[in-house]
Peer 1: 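Structure provided below as structure tokens; questions to follow.
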Amino acid sequence: MASDPSQLQDFCVADLKSPNAVLVNGFVCKPPMHVTADDFFFSGLDMPDNTSNQLGSKVTLVNVNQIAGLNTLGISLARIDYAPYGLNPPHTHPQATEILTVLEGTLYVGFVTSNTNNGNLLFTKMLKKGDVFVFPEGLIHFQFNYGPTPAVAVAALSSQNPGVITIANAVFGSNPPISDAVLAKAFQVGKDTIKYLQAQFWVANN
């Protein structure tokens, strides 16, 4: 039930300016007579984005907010640029499976399974140009540029709005902060360590 619903018409172009306050699993449809080809179009994904940040990566999303015609179609796209040794940190997409294709460079990628009797299993692979890897819906995953040159990948996701939860930011940078007593017990470290980590992420997030 968490996945996007099946399509019931040819398209339902999102009316992002609609004052309609009704909450639906997606956006209110634009009247078909007002739909144009531009509602299904996006330009600029060929341009590298700025990776000058602490992680050395930048995700350019192309979801329903960029292409209104994606509304209810259950698919979206992202370009990921990686500086040398840049990281797209551990995160999840609650609403989508992701399939990643490397366009340039070499990436070390992986995902971790949910809790099982065998523990949380890690699946990893070293990818080169032209390689493809799948991250199952909702599982924690990451990509790391293993080389001294920039890398580029494109990801397709099985939702018009896959959502993203970056693990470190969510745990240590929530607003208001999660109790240091809770996190110290969960991570089995001292409160001073938790306070240090929260100081790094809370400022960045807030």
Peer 1: Is there a side-chain contact between M126 and K128 in this structure, where contact means two heavy atoms from C-beta onward sitting under 4.5 Å apart?
Peer 2: no
Peer 1: Using modelled atom types only, decide if a donor and an acceptor are shared between the side chain of T51 and the backbone of G56 within a distance under 3.5 Å.
Peer 2: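 Side chain of T51 to backbone of G56, a donor-acceptor pair under 3.5 Å: no, none is there.
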Peer 1: Please check: side-chain N/O of E98 versus main-chain N/O of E137, any donor-acceptor pairing under 3.5 Å?
Peer 2: no
Peer 1: Cut-off 3.5 Å, no hydrogens considered: what does the side-chain donor-acceptor table look like for residues 35-43, sequence neighbours left out?
Peer 2:
residue, atom, partner, partner atom, Å
T36, OG1, D38, N, 3.3
D39, OD1, K30, NZ, 3.0
D39, OD2, K30, NZ, 3.3
D39, OD2, T36, N, 2.9

Peer 1: So H141 and F135, would you call those rings parallel, tilted or perpendicular, with 30° and 60° as cut-offs?
Peer 2: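 Plane angle under 30°, so parallel.
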Peer 1: Please test V62 against L45 for side-chain contact (heavy atoms from CB on, under 4.5 Å), starting from the C-alpha separation and ending with a verdict.
Peer 2: CA-CA 9 Å; V62 185; L45 209 61; 3.7 Å; yes
Peer 1: Hydrophobic clustering (ILVMFWY, side-chain heavy atoms < 4.5 Å, transitive) - are I67 and I75 grouped together?
Peer 2: yes
Peer 1: Which distance, rounded to the nearest 0.5 Å, do you find between the OH of Y146 and the OG1 of T106?
Peer 2: 10.5 Å
Peer 1: How far apart are the closest heavy atoms of L157 and A155, and which atoms are they?
Peer 2: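 Here L157 and A155 meet closest at CD1-O, 4.0 Å.
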Peer 1: Are F142 and F111 close enough that some pair of their side-chain heavy atoms sits under 4.5 Å apart?
Peer 2: no
Peer 1: For the side chain to side chain contact (heavy atoms under 4.5 Å, CB included) test, which of T193, V189, L197, I194 pairs with L183?
Peer 2: I194
Peer 1: Of N120, N115, T116, which is the lone residue that meets side chain to side chain contact (heavy atoms under 4.5 Å, CB included) with N118?
Peer 2: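 With N118 as partner, side chain to side chain contact (heavy atoms under 4.5 Å, CB included) holds for just one option, T116.
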Peer 1: Mind listing the closest non-hydrogen atom pair of S158 and A96 along with its distance?
Peer 2: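 The answer is OG-CA, 3.5 Å.
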Peer 1: Has the side chain of H91 got a donor or acceptor atom that lies under 3.5 Å from a matching backbone atom of I167?
Peer 2: no
Peer 1: Can Q143 and Y82 be said to form a side chain to side chain donor-acceptor pair (under 3.5 Å), step by step?
Peer 2: CA-CA 9 Å; Q143 303 108 35; Y82 310 84; 2.8 Å; yes
Peer 1: Taking the side chain as C-beta and beyond, is there a heavy-atom pair between L107 and N145 under 4.5 Å?
Peer 2: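 Sidechains of N145 and L107: in contact.
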Peer 1: Do F187 and F172 come within less than 4.5 Å of each other through their side chains, counting heavy atoms only?
Peer 2: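 Heavy-atom side-chain distance check passes, below 4.5 Å.
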Peer 1: Is it the case that one hydrophobic cluster holds both L61 and I80, taking links as side-chain heavy atoms less than 4.5 Å apart, direct or via other members?
Peer 2: yes
Peer 1: Do the side chains of V164 and L100 join up, straight or via other hydrophobic residues, at under 4.5 Å, putting them in one cluster?
Peer 2: no
Peer 1: Can you see which heavy atom on A78 is nearest to which on V59, and at what distance?
Peer 2: CB-CG1, 4.0 Å
Peer 1: Give, for atom OH of Y108 and atom OH of Y85, the distance between the pair rounded to the nearest 0.5 Å.
Peer 2: 15.5 Å
Peer 1: Over all heavy atoms of both residues, which pair between P90 and I140 is shortest? Give the atoms and the distance, please.
Peer 2: CB-CG2, 3.9 Å
Peer 1: Keeping S174 on the side-chain end and P176 on the backbone end, is there a donor-acceptor pair under 3.5 Å?
Peer 2: yes
Peer 1: Check whether V154 and V134 end up in the same hydrophobic cluster, where Ile, Leu, Val, Met, Phe, Trp and Tyr are linked by side-chain heavy atoms less than 4.5 Å apart.
Peer 2: no
Peer 1: I need the Q160 CD to L73 CG distance, nearest 0.5 Å.
Peer 2: 7.5 Å
Peer 1: Counting C-beta onward and ignoring hydrogens, is there a side-chain heavy-atom pair between I99 and V132 closer than 4.5 Å?
Peer 2: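 Heavy-atom side-chain distance check passes, below 4.5 Å.
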Peer 1: Are S52 and N50 linked by a side-chain donor-acceptor pair shorter than 3.5 Å?
Peer 2: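 Result is yes, a qualifying pair exists.
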Peer 1: Side-chain contact, heavy-atom cut-off 4.5 Å: F123 with T113?
Peer 2: yes
Peer 1: Check each of N71, T72, D15 against F27 using the side chain to side chain contact (heavy atoms under 4.5 Å, CB included) test, and report the only one that passes.
Peer 2: N71
Peer 1: Between D81 and D49, which heavy-atom pair has the shortest distance, and what is it?
Peer 2: OD2-N, 3.1 Å
Peer 1: Heavy atoms only: give me the nearest I165-A170 pair and the separation to one decimal.
Peer 2: CG2-CB, 3.8 Å
Peer 1: Treat each ILVMFWY residue as a node, draw an edge where side-chain heavy atoms are under 4.5 Å apart, and state whether L121 and L139 are in one component.
Peer 2: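 Both belong to a single hydrophobic cluster.
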Peer 1: So, S57 versus N88: side-chain donor-acceptor pair below 3.5 Å or not?
Peer 2: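 No, N88 and S57 have no side-chain donor paired with an acceptor closer than 3.5 Å.
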Peer 1: Below 4.5 Å, heavy atoms only, C-beta onward: do P48 and P150 meet side chain to side chain?
Peer 2: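 P48 vs P150: side chains apart.
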Peer 1: Is a side-chain donor or acceptor of D180 paired with a backbone partner of A184 at a separation under 3.5 angstrom?
Peer 2: no
Peer 1: Are the side chains of R79 and V152 in touch, meaning some heavy atoms are under 4.5 Å apart?
Peer 2: yes
